[in-house]
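One structure below.
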Amino acid sequence: QVQLVESGGGLVQAGGSLRLSCAASGGTFRNYAMGWFRQAPGKEREFVATINWSGVSTIYADSATGRFTISRDNAKNTVYLQMNSLKPEDTAVYYCAEGRTDIVAITSTQYPSWGQGTQVTVSS
């Protein structure tokens, strides 16, 4: 059973940047797509970005396109989310998740394994 641990969250001013990391252990990291999701207070969890094992295939939510970049380092069993030009509406708990297969997907049901999340707060 894979374990996922997110880090890199924090408090940042609008327009700033953060880089989230998600370290995986206990599984075969390179065989699966990885995704980032987020959940703001009072809202449902929503898709942010996903990447396949090779890094060739990625999908971004409209809200993330042009500002966020997902990447992975299979040698380090780590996936990253670089977030630039942050906005107050990006405030949420960010979760990484491991997919069922190497096929990128935007629905949370395609991700059976989840981390505990890291808080991102963007002040105006």
Test your reading of the model: is there a side-chain donor-acceptor pair from T91 to the backbone of V122, 3.5 Å cut-off?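 Pair found, side chain donor or acceptor close to backbone of V122.
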
Any pair counted as salt bridge (Lys or Arg N to Asp or Glu O under 4.0 Å), so long as it reaches residues 42-62, sequence neighbours left out: R38-E46

Can you establish whether the number of heavy atoms outside L11 located under 6.0 Å from its atom CG is more than 12? yes

Taking every non-hydrogen atom, the tightest pair across [X] and [Y]:
X	Y	value
S63	R67	O-NH2, 2.7 Å
S85	D90	O-OD2, 4.4 Å
G8	L18	O-CD2, 3.8 Å

Taking only residues at least two apart or on different chains, which pairs with a member in residues 10-106 satisfy disulfide bond (SG atoms under 2.5 Å apart)?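 Pairs touching residues 10-106 that pass the test: C22-C96.
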
Pairs where residues 45-89 contributes a residue and the test disulfide bond (SG atoms under 2.5 Å apart) is met, not counting sequence neighbours: none

Other hydrophobic cluster members with Y32, side-chain heavy atoms of Ile/Leu/Val/Met/Phe/Trp/Tyr under 4.5 Å, chained? none

Hydrophobic cluster (4.5 angstrom, side-chain heavy atoms) - remaining members for I106: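 Once heavy-atom contacts under 4.5 Å are chained together, I106 belongs with F37, F47, I59, V93, Y95, V104, Y111, W114.
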
Any heavy-atom pair between the side chains of [Y] and [X] that's under 4.5 Å?
X	Y	value
M83	T69	no
L20	W36	yes
V79	I70	yes
Q82	S71	no

Applying side-chain hydrogen bond (donor to acceptor under 3.5 Å, both in side chains) to N74 and not counting sequence neighbours gives R72

For S54, the side-chain hydrogen bond (donor to acceptor under 3.5 Å, both in side chains) test, sequence neighbours excluded, returns N52

Which residue pairs satisfy the side-chain hydrogen bond (donor to acceptor under 3.5 Å, both in side chains) criterion with at least one member in residues 6-25, sequence neighbours excluded? S17-N84

Summary of side-chain hydrogen bond (donor to acceptor under 3.5 Å, both in side chains) pairs that have at least one residue in residues 115-124, sequence neighbours excluded: Q119-T121

Any pair with a residue in residues 57-77 that passes ring pair (Phe, Tyr, Trp, His ring centres under 6.0 Å), sequence neighbours left out, goes on the list, sorted by first then second residue, please. none

With sequence neighbours left out, write down each residue that passes salt bridge (charged side-chain N to carboxylate O under 4.0 Å, His left out) with R100, or none if nothing qualifies.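 Expected list: none.
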
Can you sort out the partners of E89 under salt bridge (charged side-chain N to carboxylate O under 4.0 Å, His left out), two or more places apart, ordered by chain and number? none

